[in-house]
Amino acid sequence: SGLGSASHFCGLMFMSAIGLDLKTTGYKGTGPAMNDLLAGKIDFMCDQTTNTTPQIRSNKVKAYGITTPKRIASLPELPPLQEEGLAGFDLAVWHVLYAPAGTPKEAIEKLNDALRYALMDTSVRARFNDLGTDPAPLEKVTPEYARTHLETAIKQWAPIIKKARKYAD
């Protein structure tokens with residue numbers, strides 16, 4: 001949904017992996033895109049399992065694979081695209097809590113502790129499963145990891161973002 005979104009990047013990665021330049025259609029969210037997919041107006045879409053798991057589980061759409069290198073517990077029947085022959089296909093959506101620059105370190109630590117505590121709660125973990133995703137391992141739930149991960153992602157995505165510009169015109 002939308003230029004520059006993870007769904008858009010996924011589509012660009014898929015086109016690159018299969019060696020085709022397909023026509024892309026930008027949407028203002030998963031809802032309109034899913035409606036067109038269900039109506040047969042588009043052939044396929046890339047989107048987060050957090051948005052599409054209900055349609056996958058109800059067999060309203062056929063999911064062919066996930067973009068992460070490992071299967072996810074909530075949809076174990078879906079193979080990673082790497083298992084399907086698309087070597088190196090690795091796209092995971094991740095979320096980070098941000099605070100304004102200059103936020104005291106103690107406040108950041110309190111926020112991080114609260115997040116880690118929430119991610120250990122069984123009801124929170126169950127909700128993640130309902131949404132078709134797995135929470136991050138606790139060793140990755142740190143400000144340092146988030147910073148490093150963001151820096152790595154910027155380097156990884158720079159070539160794909162440059163390619164995406166041709167679709168922005």
Pairwise distance OG(Ser16) to CZ(Phe89) - rounded to 0.5 angstrom = 9.0 Å
Sorted by first residue and then second, give each side chain to side chain donor-acceptor pair (under 3.5 Å) pair with at least one member in residues 111-127; sequence neighbours left out.
-> Asp121-Ser123
Close side-chain approach of Tyr64 to Phe44, heavy-atom, < 4.5 Å = no
Hey, could you give me the CG/CG distance between Leu97 and Leu115, rounded to the nearest 0.5 Å?
-> 5.0 Å
Which pair of heavy atoms, one from Leu38 and one from Lys60, lies closest together, and at what distance?
-> CD2-O, 3.5 Å
May I ask whether Leu12 and Ile154 are part of the same hydrophobic cluster, defined by side-chain heavy atoms of I, L, V, M, F, W, Y residues being less than 4.5 angstrom apart, directly or through others?
-> no
Taking C-beta and beyond as the side chain, do Met13 and Trp157 meet within less than 4.5 Å on heavy atoms?
-> yes
Using a 4.5 Å cut-off on heavy atoms from C-beta on, say whether the side chain of Arg57 contacts that of Ser74.
-> yes
Do Thr67 and Phe14 touch side chain to side chain, with heavy atoms closer than 4.5 Å?
-> no
Do the side chains of Leu150 and Val96 get nearer than 4.5 Å, heavy atoms only?
-> no
Can Leu119 be reached from Leu111 by stepping across I, L, V, M, F, W or Y side chains whose heavy atoms are under 4.5 Å apart?
-> no
Find the distance between CG (Leu91) and CG (Leu81) and round it off to the nearest 0.5 Å.
-> 9.5 Å
Compare every heavy atom of Ala73 with every heavy atom of Asn129, then report the nearest pair and how far apart it is.
-> ND2-C, 4.3 Å
Group every Ile, Leu, Val, Met, Phe, Trp and Tyr by side-chain heavy-atom contacts under 4.5 Å, then state whether Leu138 and Tyr145 land in the same group.
-> no
Residue pair Gly132 / Thr53: nearest heavy atoms and the distance that separates them = CA-OG1, 3.3 Å
Answer whether the closest heavy-atom distance between the side chains of Lys41 and Asn35 falls below 4.5 Å.
-> no
Donor-acceptor contact present, side-chain Thr103 to main-chain Pro100, <3.5 Å | yes
Any side-chain heavy-atom pair from Met45 and Thr30 closer than 4.5 angstrom?
-> yes
Is a side-chain donor or acceptor of Ser7 paired with a backbone partner of Cys46 at a separation under 3.5 angstrom?
-> yes
Decide yes or no for Ile72 and Thr49: does some side-chain heavy atom of the first lie under 4.5 Å from some side-chain heavy atom of the second?
-> yes
Between Thr52 and Met34 the two heavy atoms that sit nearest each other are CG2-CE, 3.6 Å
If you round to the nearest 0.5 Å, how far is CD1 of Ile56 from CG of Asp47?
-> 9.0 Å
Can you name the residues that form a side-chain contact (heavy atoms from CB on, under 4.5 Å) with Pro137, not counting sequence neighbours?
-> Glu139, Lys140
Roughly how far, to the nearest 0.5 Å, is CG of Asp43 from CG of Asp36?
-> 11.5 Å
What pairs meet the side chain to side chain donor-acceptor pair (under 3.5 Å) rule with one or both residues in residues 75-99, with sequence neighbours excluded?
-> Arg71-Glu83, Trp94-His149
Would a hydrophobic clustering, with Ile, Leu, Val, Met, Phe, Trp and Tyr connected at side-chain separations under 4.5 Å, put Val141 with Leu131?
-> no
Please report the shortest heavy-atom distance between Val93 and Ala6, naming the atom on each side.
-> CG2-CB, 3.6 Å
Which value, rounded to the nearest 0.5 Å, describes the distance between Thr68 atom OG1 and Ile66 atom CD1?
-> 3.5 Å
